[in-house]
Enquirer: 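Attaching a single structure in structure tokens format; questions to follow.
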Amino acid sequence: MSPAPVNARFGPPKLPSPVRGEQAPLATTVGGKQHAELVAEQKLKGVDLGDVDVFLAQRAGKTQKQGLMPSLQALLSGKEAPASHEAQSVQQSVQQAVGTLTAVYADGLVTEAEIAALSRAQSRLSSVLQLADKSVLQMLPRDVRERLETRLFEPLQVLVSAAGRRADRVMAEVAGRDEEALRERLLQPAQPSFTAVSLHAVATGTSPLPSSSSRYGVGDVIGVPRSDGGVSLGVVTGRDPDGLRVEVLDAHGHLGLKKLDETSVARANPFKIGDVIDVEGGRAWITGVGPHGKLEATVQDQRGVRRVGGAVPPSHPDHSWIDSVSKSFLDIVHAAPVKAVQSPSTTPVRSAVKVVAGGDETSTPETLKGTIAEAALFTYRGIGYKDYNEDAAVIGTAAGKDGKEIFFAGAFDQAGGMGGVPGQTGAASKAAAQRFQEAIAAIAQGSDAGVALQRAGQAAHDDVNSFGVGAATTFAGGVVVNGHAVVVNCGDSGVLLVDKHGRIKAATEAHNLGDSLAKQSGDPNAGLNVANVITSCLGGDAAPQLDVYRWPVEKGDRLVFVSDGVLDANLGAQKADFKAGKPWQETAGDVTARDIGRIVGGAASTQAASQGLIDYARAQVESGRGKRDNVTAVVVTLQ
Amino acid sequence: MSNKPLASRISTSDTAAGLLAALAEGGVSLKDVAGLSTGDVNAVAKVGASALQSGRFDLAVKVFSSLLSLDPGNAQHLLHLAVAHQGAAQRELAVDALTRFLDVDLPKPLTDVARALLLRAELMGPTDKPAAARDLAAARVLAARSADVKKIVDGVL
């Protein structure tokens with residue numbers, strides 16, 4: 001069967017390629033509006049500016065006369081509140097509590113993240129405090145008012161005193177532990193130990209990066225990532241089970257304590273300061289971190305010893321970066337470039353699965369190799385979004401009834417639900433991932449792949465609704481079997497089939513109102529006002545629309561399963577340009593699809609492709625062009 | 001989630017710090033953390049609806065904006081806040097609340113999406129016809145997908 005037609009979001013690259021943000025002729029304005037914007041509106045089927053006049057005339061004065069919308073009427077149809085009692089005003093004390101919290105934490109001796117969190121918490125708590133107003137409390141049923149007072153307002157005051165105790169205790173503990181660790185280190189005789197690290201192994205992902213926090217001890221100098229993307233030098237003052245405590249001078253010259261988890265250590269320290277790298281013709285010592293995060297090194301070769309600047313460490317060091325570090329030294333010492341190690345032939349994996357769900361996330365791509373394909377999976381919280389990951393992803397292999405391998409992969413993106421409540425994070429996307437795996441078992445037993453995957457989606461929809469917490473999730477899962485990919489999609493995640501040259505051969509259609517509008521009108525800017533409205537998903541009253549795609553695949557093709565954290569990597573830019581009177585000539589989705597094709601088609605390995613998409617999404621958010629969200633990228637390479 | 005009262009769960013200093021961080025992220029519902037029920041939240045929302053009905057729009061704004069912080073996982077509070085702002089003649093704030101409702105990464109019934117689009121078109125129409133036209137077009141596209149939405153859209157277009 002030929003590939004399904006691509007939709008507006010993933011449309012094939014048009015020639016000549018429009019320049020992103022290129023300004024269309026804007027010769028005139030009407031009523032203060034750009035002419036191009038007016039023309040774009042008039043392109044919309046069935047709607048023109050005259051309709052707006054008619055609509056407004058019909059609506060004039062009616063809204064208030066028609067009363068409340070149904071959801072508000074439903075609220076009022078409940079039983080009446082009993083006569084109110086004198087409300088106990090707690091507003092003032094709680095306001096004082098919130099103020100005290102700020103003072104307790106704003107001493108600079110807790111992590112930057114904690115200070116930022118407090119600031120956000122304060123804003124949120126202050127808003128809730130409006131409920132402590134007498135005019136509101138008096139109208140509430142007595143039992144509800146009592147619950148608010150005992151479960152919300154009183155605990156806030158407990159929170160304040162607990163926070164104060166914490167500050168005192170933390171300071172005492174930190175001082176005590178740091179002193180003890182320092183004494184222990186000083187008492188130890190100097191017995192340096194050396195471990196050979198293979199750059200080849202690091203570059204190909206078969207060995208962890210040599211930047212593990214376990215290599216650091218009290219007194220070591222370490223790179224500390226700053227919120228502006230740079231790196232400061234710090235000194236390790238202690239260790240916790242989940243990371244390092246570091247004393248660092250911030251951008252304002254204030255000395256403060258920070259906590260570095262494993263990811264932060266790896267991000268700012270692809271190598272440990274003091275590491276020695278042997279290269280052909282010489283040797284390089286990592287000596288420091290420059291003001292912009294550049295590694296600095298001292299190099300010794302035939303021409304003597306000198307200091308050089310290295311490459312800028314990326315957010316997630318990978319093969320390409322290790323390679324670039326090597327090359328930066330190569331210019332000096334003619335080192336042999338790092339070459340990818342040939343993957344050894346492996347025994348076919350008959351049945352294996354890797355699942356990341358329920359709030360879990362990855363810091364490097366998880367990989368899995370089968371006989372017909374190999375896959376890499378990366379899913380994480382993203383940057384500047386939530387403090388946890390609600391996406392889920394699956395890769396795996398199974399043996400079919402005929403003994404042939406079935407390779408499967410999926411990405412599932414949750415919205416709503418109980419967020420960061422322990423044990424509840426990502427419950428909806430996890431349910432989708434579980435049902436997806438059940439479908440694989442059915443397919444292995446001979447069920448039609450499309451039907452089995454649709455049933456899995458429907459079952460996950462019922463699961464999500466049974467949670468009763470207003471959650472929803474997307475479902476983008478597929479299998480490769482007998483030379484075809486069978487994919488089922490619901491929601492605004494997506495699956496793309498990319499050939500070895502990076503061309504998009506096929507793609508799923510996103511269930512997104514913005515995409516629908518762009519497609520129907522032929523105007524790439526028509527749906528920007530509703531770009532985040534999903535028209536179908538798992539969970540909710542409406543039955544999910546589970547679209548089935550069957551695509552022939554060949555060796556070298558790559559299937560890409562991504563959440564909208566990747567797919568919307570240009571949405572922010574298109575919105576901003578439109579607002580500035582510079583409408584795009586293609587959708588942000590088209591631009592992103594082309595970028596995905598370029599990244600995936602040009603990646604040296606499946607792992608690099610997955611990592612490349614994550615790095616791309618991160619860079620787009622950091623430059624303000626993307627959308628802050630959890631991010632998932634699963635890549636399957638056909639062999 | 002623990003059923004123990006919140007106050008007893010934050011008796012230690014470390015849990016206080018954890019709770020603050022969790023609250024700050026917005027993904028953790030203060031309603032859930034405090035052990036309040038959906039019924040409790042609805043009782044508060046009813047105060048807001050009653051205030052709307054009786055024309056006390058400032059009180060309605062206060063209630064629905066509080067509910068957004070208390071129960072951020074429910075996008076409907078944004079829709080109701082928009083209606084409250086509209087009643088209080090705060091057009092820009094109403095449009096902002098509707099835009100946040102349409103943009104927020106939370107599940108929302110298509111019927112509510114259609115109502116939000118129509119209300120925003122009405123609010124923006126006098127000053128920004130193209131934007132209103134975009135919203136009307138979006139409502140029409142939605143109407144083609146759902147009979148319930150069609151009923152709402154046909155009622156005003």
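All values below were derived from every heavy atom in this structure, side-chain atoms included, with hydrogens, water molecules and symmetry-related copies excluded. Every chain is numbered from 1, with letters handed out A, B, ... down the list of sequences.
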Enquirer: Less than 4.5 Å to any heavy atom of chain B: does that hold for the side chain of A:V530, its backbone, both, or neither?
Expert: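 Contact with chain B: side chain only.
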Enquirer: I need the residue from A:L148, A:L528, A:L513 with the largest number of non-hydrogen atom pairs under 4.5 Å to chain B.
Expert: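 It is A:L513.
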Enquirer: Within a reach of under 6.0 Å around NZ of B:K150, are more than 12 heavy atoms found that belong to other residues, nucleotides or ligands?
Expert: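 No - once you tally the heavy atoms of other residues, nucleotides and ligands closer than 6.0 Å, there are 12 at most.
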Enquirer: Among the options B:V63, B:T38, B:L67, B:D40, pick out the one with the most heavy-atom pairs lying under 4.5 Å from chain A.
Expert: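 Top option by heavy-atom pairs under 4.5 Å: B:D40.
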Enquirer: What's the shortest heavy-atom distance between B:R134 and A:A526, and which atoms?
Expert: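 Taking B:R134 first and A:A526 second, the nearest heavy atoms are CD-O, 3.9 Å.
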Enquirer: Which heavy atom of A:S135 sits nearest to which heavy atom of B:K62, and what is that distance?
Expert: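 Where A:S135 meets B:K62 most closely, the heavy atoms are OG-NZ, 4.4 Å.
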Enquirer: Checking heavy atoms, do the side chain of A:K627, its backbone, both or neither come under 4.5 Å from chain B?
Expert: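 Nothing of A:K627, per the 4.5 Å heavy-atom cut-off to chain B.
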Enquirer: Per the ring pair (Phe, Tyr, Trp, His ring centres under 6.0 Å) rule, what does the pair list look like for residues 61-87 of chain B, sequence neighbours excluded?
Expert: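 Ring pair (Phe, Tyr, Trp, His ring centres under 6.0 Å) check on residues 61-87 of chain B returns B:F64-B:H80.
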Enquirer: Taking all atoms of both residues into account, what is the closest heavy-atom pair of B:A43 and A:L140, and its distance?
Expert: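 In terms of heavy atoms, the two residues are closest at O-CD2, 3.6 Å.
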Enquirer: Side chain, backbone, both or neither: which part of B:D135 has an atom under 4.5 Å from a heavy atom of chain A?
Expert: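 The answer is both parts of B:D135.
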Enquirer: Just wondering, do A:N529 and B:R120 contact through their side chains at under 4.5 Å, heavy atoms?
Expert: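 In contact.
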Enquirer: Which residues in residues 97-109 of chain B have any heavy atom lying under 4.5 Å from a heavy atom of chain A?
Expert: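 Against chain A, the residues of residues 97-109 of chain B that fall inside the cut-off (heavy atoms, under 4.5 Å) are B:L102, B:D103, B:V104, B:D105, B:L106, B:P107, B:K108.
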Enquirer: Considering only heavy atoms, which portion of B:L117 lies under 4.5 Å from any heavy atom of chain A: side chain, backbone, both, or neither?
Expert: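 For B:L117, side-chain heavy atoms alone lie under 4.5 Å from chain A.
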Enquirer: Can you confirm whether the side chains of B:R145 and A:Q545 place a donor and an acceptor under 3.5 Å from each other?
Expert: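 A:Q545 and B:R145 do have a side-chain donor-acceptor pair below 3.5 Å.
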Enquirer: Sort B:V113 into side chain, backbone, both or neither according to what part of it lies under 4.5 angstrom from a heavy atom of chain A.
Expert: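 Contact with chain A involves the side chain of B:V113 alone.
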Enquirer: Got a sec: does the CD of A:E146 have more than 12 other heavy atoms crowding it under 6.0 Å?
Expert: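 Yes, enclosed.
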